[in-house]
Amino acid sequence: MEHKVFKSGLDIGSTTVKLSILDKDNKPVYCNYKRHRSDLLNTVVDLIDDVPEELKASDIVVCATGSGATDLAQRSDISFEQEVIACTKAIKTFLPKVDVAIELGGEDAKITFFDGTSADQRMNETCAGGTGAFIDQMAQTLKTDAAGINELSKNHKTIYPIAARCGVFAKTDIMPLLNEGAAKEDIAASILQAVVNQTIGGLARGRTIKGNVCFLGGPLFFLSELRNCFIKSLKLKSANVFFPDNAHFFVSFGAALLSKGDKTTLNELKERFKNIKSKPLRTASELLSPLFANEKDYETFMRRHGKTSAAKIELRDAEGDLFLGVDAGSTTTKAVLINKNKAIAYSCYGSNGGNPLPSVVNVLKDIYAKLPSNVRIAGACITGYGEALIKAALNFDQGEVETIVHYKAAHHFNPKVSFILDIGGQDMKCIYVKNGLIDKIVLNEACSSGCGSFIQNFAQSLNYTVQDFARLSLFAGKPADLGSRCTVFMNSKIKQVQKEGASAADISAGLDYSVIKNVLYKVIKISSPEELGEHIVVQGGTFFNDGVLRAAEILLKSKVLRPDIAGLMGAFGSAIIALQNKKASTSLISEEKLSGFACKMRNTHCKGCENRCLLNITVFPNGKTFISGNRCENVLQNKKSQSFAFNMFDYKYKRLFDCYKPLPLEKAPRGEIGIPRVLNMYENYPFWFALFTKLGFRVVLSDQSSNALFNSGLDTISSQTVCFPAKMVHGHIENLVEKGVKTIFYPCIPYEIEEFKDVANHYNCPIVGSYPEVIRLNMSVLEEKGVKFLQPFLPCGYSCRKAVSY
């Protein structure tokens, strides 16, 4: 083998490193990959060690590619090529008949359109939404892994709309579904469909995905249901689907095909990588001060915080009445039993497994099993994400909003409290207190960056438990300055500092700082720590992380108070409220009824209005139902549907579209003309219908908007930032084409009807006024199907208003 020269490709991606070796005929002779857990250099060295000895000693030419390869290739003096180009090279070499290639990686998503000799390449930018990392994050929410998501989705019945552009937004969609009882199988399938929607809508940008389509990359190689979602959404026939056996190695194949430069051996390359491991590139300006100077500093810190403790007694020693507080949080279930003196007799803190109701049921069973015979639960209060469902299911005496229970708990430990900072798994609450009363409340909105799940995600991606990752930060010598960013953007920053020599400890400490920076600079937006007062109480499970607590004190430049039950404060505050609102007896479900407790769940669409919300209906053993998923607070609030004498929205919709009956085709001498049910047609359709009907056309209207209709035009949407109503236009045009309409009329209307004489102008929204041009330039199906698309620029004046009465 010594006389042969092999081609070697290194694909150093966001989550894995792949090594492929090709012979002179471009046939793979060796392929392997490993997850790098952000330890790039050691993983590359380990991969080389696994190569058979005869290949390690053979002459090779090497090329590196991938998001993590730029700096490494430069420092090790090997050639580098951009991964889209490498993938394109491999496809043209091994799959010359492919028209479109879709490749998903750990944090990268790419679509390449092949037009003869050229290629149109699209790649995601700094956001990792809709990639393998996104699926991994969502899998953690369901307490499984990517393979588990794949298996769960095989048995789904319902697809829910879930955001995929950002992982934290997706969690905001998923957690209410979990807390309200949606099946994990349905959520798993919805996650995969969200990836498909994000990839098609985010990268196709107006180009139709058609012809022979190949699927490449790890997620598409290992997740069969993800491939099936793409095939179904793109309406691909089996003959047009290309899925090579080595799809996850294609980028490294492309790198090998593009390899050039001086000959070397893998043994020599291994030594190069070892030599650059001791050359960190980070500068002092990019570092933060260590959290603790030494172990003595840490011990002093811990002694101070150990003084704030709740009173406790053994449950077996309790007497009389006890009061239960439960905090059904986004990721955990917390429970506390207190006596009349507010001493804790029982506490529980654990994961809810993505299903809060069974979690609380198990806690109650544990309490009843341990409760002494001379003790009774005299009151019960619940708070948190799962409050409404669990209160209805288990008959808690009352539910309370989280901010109130957290204030009650903080006030117990410090009656002078001026500011409460609570950081949980996916939410944070900032409560300003003035003169013993809540003065202002600030919450994080749709983003969960800076919360407990934020650190948990990174700990798992670096192959650590949350506890071990937290301990790493305490004595990190050079904490990385990671700023305050969204989770998916932070991934890129972490990869950067890793390439510059940051250790896992440095990253852990940097993330501790980032959590607090996110609160201070993105959520409450303080200009000075003095705004928060002198008595700051911090709580929530995230503050069990001593590094986060220390970072808070450093950035706030003051000492804060962390109770020893920081993670139980919501439950403790709920128990205090149950005590304060004690009644003659509790309505909480009894031990006897709890033993046979079970509930059934089903889905249906609400018929209260045209929104047709997808409802989750939970039926309890006593026949009582709990309904969630409704977006309307008036029509259905887990009560009987209210009856309205007159529904103006329903009337207007039917008056606009249902009252106008098109001519029969045999009485329409000019044939059919299609009109999309979109944007300003919700105002002007009567005029256009009247005009074309008088002219002898049969008017064909597109179907009512739906999720399926939206998805049908997804790949032709050219902008991700345009409003949703505009994005819907693509699906309506596709719908008219599918109906066989050969002429579509959709005019550009710069000026709308002048409704009032005293208005400054009557311009249309620029999107409304010109979107037909976007359709003309981006929907190739019009030309392919021979559809005449009429989009004239027309003014809309008095004649339009007069014709509406037709």
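- The distance from the NZ atom of Lys263 to the CD atom of Glu268 is 11.0 Å, given to the nearest 0.5 Å.
- Across every non-hydrogen atom of Cys63 and Ala255, the tightest pair is CB-O, 3.1 Å.
- To the nearest 0.5 Å, atoms CG (Leu47) and OG (Ser20) are separated by 10.0 Å.
- For the atom pair SG (Cys87) and CD1 (Ile85), the distance works out to 11.5 Å, reported to the nearest 0.5 Å.
- Judged by distance alone, the side chain of Thr65 and the main-chain N or O of Glu81 form a donor-acceptor pair under 3.5 Å.
- Nearest heavy atom pair, residue Glu225 against residue Asn150, reads N-OD1, 2.8 Å.
- When side chains are defined from C-beta on, Thr264 counts as touching Ile60, because their heavy atoms get closer than 4.5 Å.
- Thr716 is listed as a side-chain neighbour of Thr208, based on a closest heavy-atom distance under 4.5 Å.
- A salt bridge does not link Lys34 to Asp49: none of the charged side-chain nitrogens sits closer than 4.0 Å to a carboxylate oxygen.
- Ser259 places a side-chain N or O within 3.5 Å of a backbone atom of Ala256 that can act as its donor or acceptor partner.
- Under the 30°/60° scheme for interplanar angles, the aromatic rings of Phe253 and Phe250 are found to be tilted.
- Using a 4.5 Å cut-off on side-chain heavy atoms (C-beta onward), Ile231 and Phe215 make contact.
- Between the side chain of Ser79 and the backbone N or O of Val62 there is at least one donor-acceptor pair closer than 3.5 Å.
- Looking at heavy atoms from C-beta onward, Phe6 lies out of side-chain contact with Leu22 at the 4.5 angstrom threshold.
- No donor-acceptor pair closer than 3.5 Å links the side chain of Asp481 to the backbone N or O of Leu288.
- Checking Asp506 against Ser503 by side-chain atom types alone, a donor-acceptor pair falls below 3.5 Å.
- Within the model, atoms OG of Ser76 and CG of Leu10 stand 8.5 Å from one another, a figure rounded to the nearest 0.5 Å.
- Looking at Tyr513, its side chain does come within 3.5 Å of a backbone N or O of Ser289 through a donor-acceptor pair.
- Asn212 has its side chain out of reach of Phe114: every pair of non-hydrogen atoms, C-beta onward, lies at least 4.5 Å apart.
- Using a cutoff of 4.0 Å between basic side-chain nitrogens and carboxylate oxygens, Lys110 and Glu83 are scored as salt-bridged.
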- Item | Stepwise side chain to side chain contact (heavy atoms under 4.5 Å, CB included) check, Phe469 with Leu511 | CA-CA 10 Å; Phe469 192 61; Leu511 288 170; 3.7 Å; yes
- Go through the steps to decide whether Phe113 and Ile209 satisfy the test side chain to side chain contact (heavy atoms under 4.5 Å, CB included), and finish with yes or no. CA-CA 8 Å; Phe113 297 89; Ile209 299 174; 4.0 Å; yes
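- Distance check, rounded to the nearest 0.5 Å: NZ of Lys184 to OG1 of Thr144 gives 8.0 Å.
- Proximity of a side-chain donor or acceptor of Asp25 to a complementary backbone N or O of Lys27 within less than 3.5 Å is not detected.
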- Do Phe80 and Gln74 pass the side chain to side chain contact (heavy atoms under 4.5 Å, CB included) test, and can you show the C-alpha distance, the side-chain angles, and the key distance before you say yes or no? CA-CA 8 Å; Phe80 170 83; Gln74 181 181 359; over 6 Å; no
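- Nearest heavy-atom pair, Leu266 versus Val51, reported as atom, atom and distance to 0.1 Å: CD1-CG1, 3.8 Å.
- Lys92 is listed as a side-chain neighbour of Thr88, based on a closest heavy-atom distance under 4.5 Å.
- Just one residue in the list Ile135, Asn228, Leu104 forms a side chain to side chain contact (heavy atoms under 4.5 Å, CB included) with Leu223, and that residue is Ile135.
- The nearest pair of heavy atoms linking Ser224 to Lys154 is OG-CE, 4.1 Å.
- Ring geometry for Phe221 versus Phe243: interplanar angle of 30 to 60°, hence tilted.
- A heavy-atom distance below 4.5 Å is found between the side chains of Asp59 and Thr265.
- Between Val213 and Phe230 the shortest side-chain heavy-atom distance does not fall below 4.5 Å.
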Could you pull out all donor-acceptor pairs under 3.5 Å where a side-chain atom in residues 185-196 meets a protein atom, sequence neighbours excluded?
{"residue": "Asp186", "atom": "OD1", "partner": "Lys157", "partner atom": "N", "Å": "2.7"}
{"residue": "Asp186", "atom": "OD1", "partner": "Thr158", "partner atom": "N", "Å": "3.0"}
{"residue": "Ser190", "atom": "OG", "partner": "Tyr160", "partner atom": "N", "Å": "2.7"}
{"residue": "Ser190", "atom": "OG", "partner": "Asp186", "partner atom": "O", "Å": "2.7"}
{"residue": "Gln193", "atom": "NE2", "partner": "Asn197", "partner atom": "OD1", "Å": "3.0"}
{"residue": "Gln193", "atom": "NE2", "partner": "Ser233", "partner atom": "OG", "Å": "3.0"}

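- Using modelled atom types, one finds a donor on one side chain and an acceptor on the other under 3.5 Å when comparing Lys18 with Thr16.
- Closest of all the heavy-atom pairs between Gly105 and Pro219 is O-CG, 3.7 Å.
- Looking at Asp11, its side chain never comes within 3.5 Å of a backbone N or O of Phe249 through a donor-acceptor pair.
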- Task: Determine, stepwise, if the pair Lys56 / Ile48 fulfils side chain to side chain contact (heavy atoms under 4.5 Å, CB included).
- Result: CA-CA 7 Å; Lys56 281 195 285 189; Ile48 294 175; 4.1 Å; yes
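- Under the 3.5 Å distance criterion, the side-chain polar atoms of Ser58 are matched with a main-chain donor or acceptor of Glu54.
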